[in-house]
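Quick note on labels: first sequence line is chain A, next is B, and so on, each numbered from 1.
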Amino acid sequence: MIDPRILRERPGDVREMLSRRGVEHDLDALVAADAAWRRAASEADAARQRRNELGRAVAAAKKSGGDASGHIAEMRSAAGRLEALEAAQREAHGRYIGLAMSLPNMVHESVPTGPDSSANVVVREWGEARPAGGEHARIMEGMGLVDIERAAKVSGARFYYLVGDMVLLGRALVSHALDLADGRGYTAVQPPYMIRRDSMEGATVAEDLEEAIYSIEGEDLCMIGTSEHAMAAMHRDEILDGADLPIRYAGYSACFRKEAGAHGRDQKGIFRVHQFDKVEQFAFARPEESWAEHERMLGVAEEFYRGLGLPHRVVLLSSGDMGKVSAKTYDIEAWMAAQREYREAVSCSNCLDYQARRLRTRFRDKTSEATRHVHTLNSTLVATTRALVAIVEGCRTADGRIEVPRPLQRYVGKADIGAPRGRGPP
RNA sequence: GCGGAGAUCGCCUAGCCUGGUAGGGCGUGGGAUUGCUAAUCCCAUGCUUUCACGAGCACGGGGGUUCGAAUCCCCCUCUCCGCGCCA
């Protein structure tokens, strides 16, 4: 949710945001609902004040043994009026919230304006992006490192069994990411993989909830699409101590995605799947420090890919390509050698106070001070499946083995991966 | 899953039976005094809104009864104890 003050004082800026994002939204209805709600609230407020005064008068009269019947009669008639005013207030507030919750976040001035990814801007490139022939699905299946067919039989499309050394390599990515995060001031957190619907609604927008998120039938629970969802909601309805900021978490979890809008895209292998493991950077920051935190966070993710020796580039997403909760997003796109393309491996966003407002996460330095909403930021450190694809396609030796990136070797226990020693599935 | 007990302003707690402005202690912040640390005293210390005075809201959440609910009734959530089941 954006600050209602922006809506009231600078509606032109909000309109500009909508046009830059290419999103339709009934702003007039939202502004009207805001005004109606505030009016209804102050009317109901006045009626409550009158009721409270009368209540005190009744109590005083009864205490002194006097006759309170006159006041009680007046309260009786005021009660019906108050009820009607409260109903009007509830209705107006519901209308306002409904419209405000679906309004996307403001867009930062440094974000390029454009309809889609074609307007994204490449910020920098790293490493030598060499094309290669071996497609990850074929390589991995050929070496018995993944079983897509049986996963399809058991679970359906976009699932996979990882097998043998590929499991160790995935685990190594997670271990290395957690160690790096620890060294950069992040506290590791393994969050709940299912969260209640109202928590999910605070962390994401309604349309993503429908398209991307799995719900548990018969329960008020959703599967997280990323640990970001669980981390963002972690301090909901809290007032944090400003001295504790920034709070940096490295969320480690499985991620679940419906991929409902992706029919036909990236069908092969483990590139686009319903489930993967991810280590995610998440930060709660002071508003005046959040842009520096954003760059810092991107830097940690870049450090991870540089350390693995994986060629990649940093891209600043355009206004039309960004998520609705983000004010500015960088992607790190890793080189996928067989696709001969850079593809998204990391997404690093500053959400300003948009999530914090929805989740009521605030802070202050002294109890005498007014509360302010924190800023929330999130960035992938590593999504295992995407990184595995980049490694399998990009790190092949002349004799067809997969070279384990140096920082991962201590976790995998070997320098390269060949065919399994007769233990893989036939 | 069954039985029992609970949830009050950062922490502890009173109030609930018997409905009528949510009180106290600790901690924290500010001030006074005392040649220091300490002790003592005063003020402030849930949230929202207001330039301010003030007003409203708040006793886990939501309904209901009532002129009026922390208090009575119903539903839900969570915590603790015992039993059952279980990695």
Side-chain angles (χ1 to χ4, degrees), chain A residues 1-9 31 33-94 96-98 100-101 190-203 215-222 229-230 233-245 247 252-254 284 287 353 356-374:
Chain A
M1 232 173 355
I2 67 170
D3 189 337
R5 261 180 292 254
I6 295 177
L7 194 67
R8 279 175 224 137
E9 291 162 18
V31 170
D34 177 47
W37 165 47
R38 289 155 62 73
R39 196 166 46 241
S42 84
E43 282 173 12
D45 226 48
R48 263 182 232 113
Q49 178 180 357
R50 181 69 189 139
R51 183 207 53 194
N52 290 345
E53 283 166 3
L54 287 166
R56 281 192 285 272
V58 172
K62 286 209 170 178
K63 203 168 184 180
S64 63
D67 177 24
S69 59
H71 289 312
I72 287 178
E74 199 180 336
M75 271 181 87
R76 211 183 296 260
S77 70
R81 213 173 87 80
L82 176 60
E83 201 172 345
L85 287 170
E86 283 182 332
Q89 182 186 359
R90 263 197 308 277
E91 190 274 330
H93 187 247
Y96 169 71
I97 288 293
M101 288 289 271
Q190 191 169 19
Y193 292 7
M194 292 181 253
I195 63 177
R196 263 210 274 273
R197 196 168 188 85
D198 55 356
S199 295
M200 187 63 89
E201 281 167 354
S215 293
I216 305 298
E217 194 179 348
E219 308 252 359
D220 184 32
L221 289 170
C222 310
H229 297 146
M234 193 170 173
H235 295 295
R236 58 176 289 191
D237 297 306
E238 291 184 27
I239 298 171
L240 303 170
D241 184 343
D244 294 334
L245 299 176
I247 297 174
Y252 163 46
S253 80
F284 297 90
D353 60 357
R357 219 167 262 286
R358 290 167 156 246
L359 291 159
R360 294 165 301 278
T361 303
R362 293 166 294 175
F363 80 99
R364 72 180 154 210
D365 295 304
K366 284 193 281 193
T367 49
S368 56
E369 202 171 68
T371 59
R372 290 193 284 163
H373 288 91
V374 298

B:G56 phosphate, OP1 or OP2, under 4.0 Å from A:N52 side-chain N/O: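 Checking A:N52 against B:G56: at least one side-chain N or O falls below 4.0 Å of OP1 or OP2.
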With a cut-off of less than 4.0 Å, is there a side-chain N or O of A:S42 near OP1 or OP2 of B:A55?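 No.
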Which whole-number value in Å describes the distance from [X] [atom1] to [N] [atom2]?
X: A:D237; N: B:C47; atom1: CG; atom2: C1'; value: 12 Å
X: A:R360; N: B:C57; atom1: CZ; atom2: P; value: 20 Å
X: A:R48; N: B:G54; atom1: CZ; atom2: C1'; value: 16 Å
X: A:R76; N: B:C67; atom1: CZ; atom2: C1'; value: 6 Å
X: A:R5; N: B:U50; atom1: CZ; atom2: C1'; value: 12 Å
X: A:R50; N: B:C57; atom1: CZ; atom2: C1'; value: 20 Å
X: A:E238; N: B:C47; atom1: CD; atom2: C1'; value: 15 Å
X: A:L82; N: B:C67; atom1: CG; atom2: C1'; value: 12 Å

Span that lies between the [atom1] atom of [M] and that of [N], in whole angstrom:
N: B:U21; M: B:A55; atom1: C1'; result: 14 Å
N: B:G10; M: B:G6; atom1: P; result: 22 Å
N: B:U18; M: B:U71; atom1: C1'; result: 10 Å
N: B:C16; M: B:C73; atom1: P; result: 14 Å
N: B:C86; M: B:A5; atom1: C1'; result: 25 Å
N: B:G31; M: B:C36; atom1: P; result: 16 Å
N: B:A7; M: B:C12; atom1: C1'; result: 14 Å
N: B:A70; M: B:U34; atom1: C1'; result: 44 Å

For [N], give its Watson-Crick or G-U wobble partner with both distances under 3.5 Å, or none.
N: B:C72; answer: B:G64
N: B:G6; answer: B:C78
N: B:C86; answer: none
N: B:C11; answer: B:G25

Of the listed nucleotides ([options]), which one gets closest to any side-chain atom of [X]?
X: A:R196; options: B:G20, B:G56, B:U77; answer: B:U77
X: A:R51; options: B:G20, B:U48, B:G68; answer: B:G68
X: A:M75; options: B:G68, B:C47, B:C57; answer: B:G68

Minimum side-chain heavy-atom gap A:R51-A:R48 below 4.5 Å: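 A:R51 vs A:R48: side chains touch.
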Find out whether A:H373 and A:M1 are in side-chain contact, i.e. whether some heavy atom of one side chain is under 4.5 Å from a heavy atom of the other.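 Sidechains of A:M1 and A:H373: no contact.
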Greater than 12 external heavy atoms within 6.0 Å of A:Q190's CD: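 Enclosed: over 12 neighbouring heavy atoms sit under 6.0 Å from CD of A:Q190.
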Does atom CZ of A:R81 have more than 12 heavy-atom neighbours, drawn from other residues, nucleotides or ligands, at distances under 6.0 Å?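 12 or below, so no.
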Can you check whether A:P191's main-chain N or O pairs, donor with acceptor, with A:S253's side chain at less than 3.5 Å?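 A pair under 3.5 Å: no.
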Between A:R358 and A:E201, is there a donor-acceptor pair closer than 3.5 Å when you use the side chain of the first and the backbone of the second?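 At least one qualifying donor-acceptor pair exists.
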Between A:R90 and A:A60, which has a closest nucleotide on RNA chain B that is more 5'?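 The residue closer to the strand's 5' end, by nearest nucleotide, is A:A60.
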For A:R38 and for A:E86, find the nucleotide of RNA chain B with the closest heavy atom, then tell me which residue's nucleotide is more 5'.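 The residue closer to the strand's 5' end, by nearest nucleotide, is A:R38.
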For a quick check of understanding: with a heavy-atom distance under 4.0 Å over all strands, which category does A:S77 fall into, base, sugar-phosphate or nothing?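 Counting heavy atoms under 4.0 Å across all strands, no contact is made by A:S77.
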Do the charged groups of A:R56 and A:E53 touch, with an N to O distance under 4.0 Å?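 Salt bridge: no.
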